Each structure stands twice: as structure tokens, then as C-alpha cells.
Number of protein chains: 2
Amino acid sequence: MTATPPPRVTIKDVAARAGVSKGAVSLAFNRKPGLSEATRDRIFRAARELGWAPSSTARTLAGSRVDVVGLAVCRPARLLGLEPFYMEFISGVESVLVERSCSLLLRLVRGQDEEVGLMESWWRGRQIGGSILVDFRADDPRPAVAGRLGLPAVAVGHPSLTGGLTSVWTDDATAVTEAVRYLAALGHRRIARVGGAAALGHTSIRTAAFDEAVRALEPAARAWQVATDFSGDAGARATRSLLTAAPPERPTAIVYDNDIMAVAGLSVAAEMGLRVPEDVSLLAWDDSQLCRLTHPTLSAMSHDVHGFGADVARTLFGVITGEGPGSHPVPTPVLTPRGSTAPPKV
Amino acid sequence: MTATPPPRVTIKDVAARAGVSKGAVSLAFNRKPGLSEATRDRIFRAARELGWAPSSTARTLAGSRVDVVGLAVCRPARLLGLEPFYMEFISGVESVLVERSCSLLLRLVRGQDEEVGLMESWWRGRQIGGSILVDFRADDPRPAVAGRLGLPAVAVGHPSLTGGLTSVWTDDATAVTEAVRYLAALGHRRIARVGGAAALGHTSIRTAAFDEAVRALEPAARAWQVATDFSGDAGARATRSLLTAAPPERPTAIVYDNDIMAVAGLSVAAEMGLRVPEDVSLLAWDDSQLCRLTHPTLSAMSHDVHGFGADVARTLFGVITGEGPGSHPVPTPVLTPRGSTAPPKV
DNA sequence: AATAGAGACTTTACCGGTTTAGCAAGGGCT
DNA sequence: AGCCCTTGCTAAACCGGTAAAGTCTCTATT
């Protein structure tokens with residue numbers, strides 16, 4: 001991969017122009033002591049005049065900071081494109097990286113092995129200074145790998161899943177419980193949940209919490225749960241199979257693990273001639289803009305995904321600068337009622 | 001940004017283990033002539049045993065290739081998250097980068113000035129070996145900047161917009177024309193288009209093509225066009241204003257510039273008590289999975305966004321390796337009829 | 001037999017920074 | 001006056017590679 005070399009101005013040019021040595025320029029730009037005010041000023045002026053900024057490549061090689069953070073996402077491209085979650089999350093991460101003039105190295109991987117290998121080579125090759133780890137599973141290998149390598153990482157997921165890594169997480173259990181209670185308060189007693197990928201840790205957490213929350217209702221209450229792959233198609237299939245039963249055997253409310261599946265569910269209900277929310281209530285999760293674009297609008301468990309990403313990035317900087325492991329909960333999603341939920345009419 | 005240093009194995013270790021000099025290892029790993037088969041093998045074996053791979057940072061500094069390509073995207077986070085287009089595009093780009101063990105440096109910027117500055121600093125700092133430029137506007141400054149810097153770049157957009165840069169583009173004009181002809185063939189004579197951001201070059205192209213296509217129909221045909229910001233909200237507003245008029249003054253078909261706005265349009269129609277497709281036909285653009293999740297399903301101008309991204313990446317590699325400027329059209333979107341289009345009943 | 005040339009490596013000089021050791025000048029203290 | 005600290009800065013080594021020039025050994029040529 002070669003190309004026209006860019007016109008280069010290096011630290012040497014700056015040093016020459018300021019009449020000092022390379023070392024002095026380096027000291028100035030790293031705000032280290034040992035330079036007089038006057039010299040420092042002269043150096044900065046020279047740099048400004050030459051339009052120079054230290055090369056992050058050279059800096060990295062010389063063994064100081066690495067101003068790139070890594071993120072590997074492991075979901076099929078087709079789903080990713082559709083999931084409003086990730087782009088918003090990434091944009092949140094970016095928003096704080098930019099402040100620190102850091103960049104995000106993004107890679108879509110096909111499996112955890114690939115991700116682990118990538119982390120290792122990124123870290124050993126000093127390509128990244130730290131990493132964001134998402135989509136935790138039970139017995140996830142990544143905390144061990146990060147530990148072994150000494151790779152600064154923050155895990156996006158409940159502490160019970162992230163094996164001692166610093167974690168940033170939403171309280172899914174509480175959120176699920178709130179969702180169930182809300183539907184119960186509306187009068188629903190037959191509640192279903194169309195969950196995400198079963199292998200994912202947060203899915204298990206939600207599944208357990210959902211079970212428990214429904215069980216805590218009166219004995220007559222009934223629960224269904226289906227696992228999917230987060231795709232709209234899967235959401236549609238799950239909804240179809242839940243709604244085919246005759247009324248007493250049919251849920252009157254369905255909670256979805258993301259927005260896409262809820263949208264799909266809405267369309268399945270229409271296709272089956274069921275009215276939303278009269279015949280069946282639907283509750284989405286994440287609350288992207290999509291929820292306000294359907295008819296009826298979708299009630300949803302709503303959270304600030306952008307802010308979530310920003311928190312994750314800030315936490316990562318903490319880890320990189322040596323903070324010990326910690327657990328950082330972000331605000332629990334809150335219920336945002338819209339047009340797709342109502343008391344059951346059946 | 002400091003942290004526990006990774007346990008490092010360098011080219012020197014590999015050289016020692018293989019009993020050769022650093023130079024030999026470098027020759028082997030760059031597939032350059034001057035080594036015997038036997039030595040080459042010994043070197044690779046040693047590297048494998050030590051788990052070594054050349055540090056891309058050091059390589060970059062030493063003045064050879066830079067194995068990172070840059071992409072700056074300039075749209076508000078809120079929209080980006082929702083646009084299935086970008087993530088799918090990125091995943092297509094990635095798919096090609098991975099083969100060449102290249103990485104993608106992604107940055108969300110707020111304006112073109114910021115983007116231009118970013119490109120300049122990325123390139124001068126040798127952070128990237130080339131760049132993908134998207135969202136061209138009329139009189140876009142980026143071709144000039146890329147030219148001045150000698151930055152290898154590929155422009156995603158019609159050659160008329162990309163000022164001599166190598167471009168990869170979809171033939172929007174033909175696609176729009178096909179969309180209009182299809183609707184006309186169904187019997188529509190009052191056709192509207194809810195377009196994207198007016199400042200964007202491809203929006204202008206579609207707008208002009210739409211006008212012309214409708215004018216080419218019989219004189220009685222009528223056209224409406226509205227510009228938006230690509231958001232679902234804007235799409236909903238535009239649709240609402242188009243559909244409030246009484247039948248003779250109301251379009252019987254609406255073409256949207258992306259999927260999100262079409263989904264929003266669908267819900268507006270429902271909210272206004274209009275049936276789709278009986279009272280109004282809706283045609284989406286891009287054809288993400290979303291189009292199959294609504295009820296009725298959305299007819300759409302469909303293209304392979306993932307493949308598009310892959311083409312762009314491949315083209316960029318061409319530019320980086322010195323290919324002269326060129327124009328690379330990708331397949332024109334094709335009409336995929338579904339449930340949201342039909343002959344007008346009014 | 002002398003010479004040239006090719007093949008297989010090694011040496012060495014960078015790339016653009018950081019960092020440590022060292023040094024000269026000035027000030028305070030005894 | 002002599003000694004020890006600071007302060008402010010420079011010189012040189014180093015990070016992990018690449019690339020050009022140099023060395024050595026063989027074989028082919030004249």
C-alpha cells in the first residue's frame with residue numbers, strides 16, 4: 001500500500017525554527033517540566049507557523065500513549081445495518097473520543113475467536129491503547145484474555161458476566177420487571193417476551209427477570225418466552241407463532257428485545273387481523289426513532305444509547321489511566337408509553 | 001494514555017530464533033527476493049512459534065505502507081443510528097479491508113470543514129493510507145483538498161460531483177426514471193417524491209431526473225417534490241402535507257429517498273385513514289430489511305449496499321496502488337415490487 | 001587464472017518521535 | 001572561594017520496523 005508521500009514537516013523542522021533541540025520540542029508538547037516559559041512559547045509558535053502536530057505513529061512507536069481504541073462487533077452485517085442501537089452507541093463513544101483526539105478502530109468480526117485474536121494482535125502490535133468489549137456471553141473468554149494481556153478494557157454488560165473487568169451496564173432485570181409490572185397494571189395477565197439471541201448474557205438476565213416478574217403476579221398470570229437472533233424476520237416468526245393460538249391461549253401483550261422485532265411484530269398483528277393495542281399490546285426496547293414512526297406508535301423501554309456509549313468511552317479512559325476495576329451502572333431504561341399498549345379488550 | 005506494556009516480541013527475537021538478521025526477516029515477510037526457500041521457511045517457522053507479526057506502527061514509520069483507511073461521516077448521530085444504509089455500507093467496506101488486513105478508522109464529524117481538517121491531519125500524520133469520501137455536495141471542496149495533499153481517495157458519488165476523483169456511483173437518474181415509469185405503468189399520473197437533504201449532490205440528481213421523468217409522461221401527469229433531512233420525522237411531515245389535499249390535488253403515489261421515510265409515510269397514511277396501496281402507493285429506496293417488516297410490505301428500489309461498500313473499498317485499493325482516476329458505476333437499483341404499490345383506485 | 005556476476009545475507013542508516021543521561025550556567029550556603 | 005543544587009537545555013540511545021548499500025561465496029565466462 002504505497003502512494004504519493006505527503007509533504008512532511010517533522011519535529012526537526014520545528015526544533016530548527018525555534019532554535020532548540022528535538023528534545024525540547026518534545027518536552028513542550030508533552031507539557032513536561034524543564035523548559036522556560038519563553039522557550040515553550042517560541043516552540044509553540046514555531047509549530048503553529050509550520051502547521052506541525054506530533055505524529056501519533058512515531059509517538060506510539062517511541063513507547064508512549066496509543067491514541068486509538070478498538071471495538072470489535074460480532075453480529076452478522078445484515079442485522080447490524082438494521083440495529084439502530086450500534087450506530088448510536090458508536091456515535092456516543094466517538095463523541096468523547098474526539099475530545100481526547102482519539103480515534104476508533106472498528107472491526108466487524110464473525111466470531112469470538114476472531115475477536116480474541118484481533119484484540120491480541122491489536123494490543124501486541126500497539127495498534128490500540130484499550131478496547132471496548134460488547135455482547136458478553138456466559139463463560140466469556142474475553143475477560144481472561146484481557147487480563148492475561150494486560151489490555152485495558154471496559155466490558156459492556158452486567159458485572160456477573162464480565163468476569164472482573166470494569167463494566168458499564170444497564171440494569172436489564174429491573175427494566176424487564178418494570179415492563180411486566182406496567183403491562184400487569186394495565187390488566188394483562190398473559191404476557192409474552194420475544195427475546196434476543198439466547199447465547200447473549202443480557203438475554204439470559206432478561207429471561208430470568210421476566211420469568212420471575214410474571215411469577216410474582218397473581219397465580220393466573222401466564223408467560224411465554226421465545227429466543228431469536230434479533231432480526232426482524234425472527235421477530236415476525238416469533239410473533240406469528242405466539243398469536244396463532246385462540247384467545248385464551250394467546251398472550252395479550254408482547255415485550256420485544258429490540259425495536260426492529262417490535263416493528264415486525266406490529267406488522268404481523270396487522271397481517272393477522274389483530275388490532276394493536278386492543279387485541280394485543282406491544283412493547284419495544286431501546287426506543288430508537290423508529291418507535292415513533294409506526295402506526296400506532298410503539299411504547300418502549302427507553303434509554304439514552306448515545307449517552308451510554310459516551311459513558312463507556314469515559315470509563316475506558318479511566319481504565320487506561322490506571323483506575324482499578326469498577327462497576328458503572330447507567331440509568332435504567334424507563335417505560336415510555338405510546339400507542340401500542342393499552343388494557344386488554346379480550 | 002499509558003497502560004501496562006504488552007509483552008513484546010519483536011523482529012529481533014524472530015531473527016535471533018531463526019539465526020538470521022532483522023533484514024532477512026523483513027525480506028521474508030515482505031515477500032521480496034533474495035532469500036533461499038530454506039531460510040524463508042525457517043523464518044516463518046520462528047515467527048509462528050513466537051506468535052510474531054510485524055508491527056504496523058513501525059512499518060508505517062519506516063515509510064512503507066499504511067494499512068488503515070479513513071472514513072468520516074457527516075450526519076447527525078440521531079439520523080445515522082437509524083439509517084440502515086451506513087452500517088451496511090461500512091460492513092461491506094470492512095469485508096474487503098479484512099482480506100488485506102487493513103483497518104477502518106471511522107469518525108463522525110459535524111461539518112465539512114471538520115472533515116477536511118481531519119483528512120489533512122490523518123494524511124499528514126500518516127494515520128491513513130487513503131480515504132473514502134461520501135455525501136458529496138455541489139462545489140464540494142474535498143476533491144481539491146485530496147488533490148493538493150496527494151491523498152488517495154475514492155469518492156462515493158456521481159462523477160459530475162466528485163471533481164475528477166476516482167468515483168464509485170449508482171446511477172440514481174436511471175433508477176428514479178425507472179421508479180416513475182413503473183408507477184406510471186400502474187396508472188399513476190400524480191406522483192410525489194420525498195427527497196433527501198437538498199444540499200446533497202445525489203439529491204439534486206434525483207430531483208432533476210424525477211422532474212424530467214414525469215414530464216416525459218403524458219401532459220396530464222403531475223409531480224410534487226419535497227426536500228427533507230432524511231429523518232423519519234421529516235418524512236412523516238412531508239407525507240402529511242402531501243396527503244392533506246383532496247383527491248384530485250393529491251398524489252396517488254409517493255417515492256421516498258430512503259426506507260425510514262417510507263416507513264414513516266406508511267404510518268402517516270394509516271393515521272390519516274388512507275389505505276396503502278389502494279388510496280396511495282408508496283415506494284421506498286435502498287431496500288433494507290425494514291421494507292419487509294411493515295404491513296403492507298414496502299415496494300422499494302433495491303440495491304446491494306454491502307456490495308457497494310465492498311466495491312468502494314476495492315476501488316480505493318486500486319487508487320492507493322497508483323491506478324489513475326476512473327469512474328466505477330455499480331449496478332443500478334432495481335425495482336422490487338411488494339405490497340405498497342398498486343394501480344390507483346381513485 | 002583472473003574477472004565478472006549472481007545469490008544469499010548482513011550492515012547500517014533512517015522514519016519521527018520519547019526519554020535518559022549529561023552538561024553548563026547561575027544562585028545560595030558555609 | 002569552594003561546593004552543592006537547581007534550572008534549562010542538548011546529545012544520544014531507543015522504539016520496531018524498512019531499504020539501500022555492502023560483504024562473502026559460488027559459479028560461469030574469457
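All heavy atoms count here, side chains included; hydrogens, waters and symmetry mates do not. In this text, all values refer to a predicted model and were calculated from it rather than measured experimentally. All chains are named by letter (A, B, ...) in the order of the sequence lines, taking the proteins before the strands, and each is independently numbered beginning at 1.
Relative to the axis of its first five pairs, the axis of the last five pairs of the helix from C:dA1-D:dT30 to C:dT30-D:dA1 sits at 60°, rounded to 10 degrees.
As rounded to whole Å, 7 Å separates atom P of D:dC9 from atom CZ of A:Arg42. Whole-Å rounding puts the A:Ile43 CD1 to D:dG8 P distance at 13 Å. At whole-Å resolution of the value, CG in B:Leu27 and C1' in C:dT10 are 10 Å apart. When rounded to the nearest whole Å, the span between CG of A:Asp13 and P of C:dG16 equals 9 Å. Taking atom CZ of B:Arg40 as the reference point, atom P of C:dG7 lies 13 Å away to the nearest angstrom. The CG-P distance, from A:Asp67 to C:dT18, rounds to 11 Å in whole Å. In this entry the distance linking CZ of B:Arg31 with C1' of D:dT18 reads 16 Å, nearest Å.
In this structure, the side chains of B:Leu133 and B:Leu165 come closer than 4.5 Å at one or more pairs of heavy atoms. Considering only heavy atoms from C-beta on, B:Ile320 comes within 4.5 Å of B:Leu316 through its side chain. Between B:Ser131 and B:Val69 the shortest side-chain heavy-atom distance does not fall below 4.5 Å. A:Leu161 places none of its side-chain heavy atoms less than 4.5 Å from the side chain of A:Asp140. Side-chain contact between A:Met87 and B:Ile90 is present, with heavy atoms from C-beta onward closer than 4.5 Å. Side-chain contact between B:Ile43 and B:Phe29: present, with at least one pair of heavy atoms (C-beta onward) separated by less than 4.5 Å. Using a 4.5 Å heavy-atom threshold, the side chains of A:Leu104 and A:Leu71 count as touching.
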Distances for protein N or O near nucleotides 14-17 of chain D N or O, under 3.5 Å:
residue	atom	partner	partner atom	Å
D:dC15	O2	A:Leu61	O	3.3
D:dC15	O2	A:Ala62	N	3.4
D:dG16	OP1	B:Arg8	NE	3.0
D:dG16	OP1	B:Arg8	NH1	3.3
D:dG16	OP1	B:Arg8	NH2	3.4
D:dG16	N2	B:Ala58	O	3.4
D:dG17	OP1	B:Trp52	NE1	2.6
D:dG17	OP2	B:Ile11	N	2.6
D:dG17	O5'	B:Ser55	N	3.3
D:dG17	N7	B:Lys22	NZ	2.8
D:dG17	O6	B:Lys22	NZ	3.1

Write down the protein N/O and nucleotide N/O pairs, taken from nucleotides 22-27 of chain C, whose separation is under 3.5 Å; answer none if there are no such pairs.
none

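In this pair, B:Tyr86 and B:Phe89 present their aromatic rings perpendicular. The plane angle is above 60°, beyond the 30 to 60° band.
Interatomic distance, A:Arg142 CZ to A:Leu151 CG, rounded to the nearest 0.5 Å: 11.5 Å.
With salt bridges taken as basic N to acidic carboxylate O contacts below 4.0 Å, one links A:Arg314 and A:Asp311. Under the 4.0 Å criterion applied to side-chain N and carboxylate O atoms, B:Glu37 and B:Arg42 are not assigned as salt-bridge partners.
Within 4.0 Å (heavy atoms only), B:Val25 reaches no atom of the nucleic acid at all.
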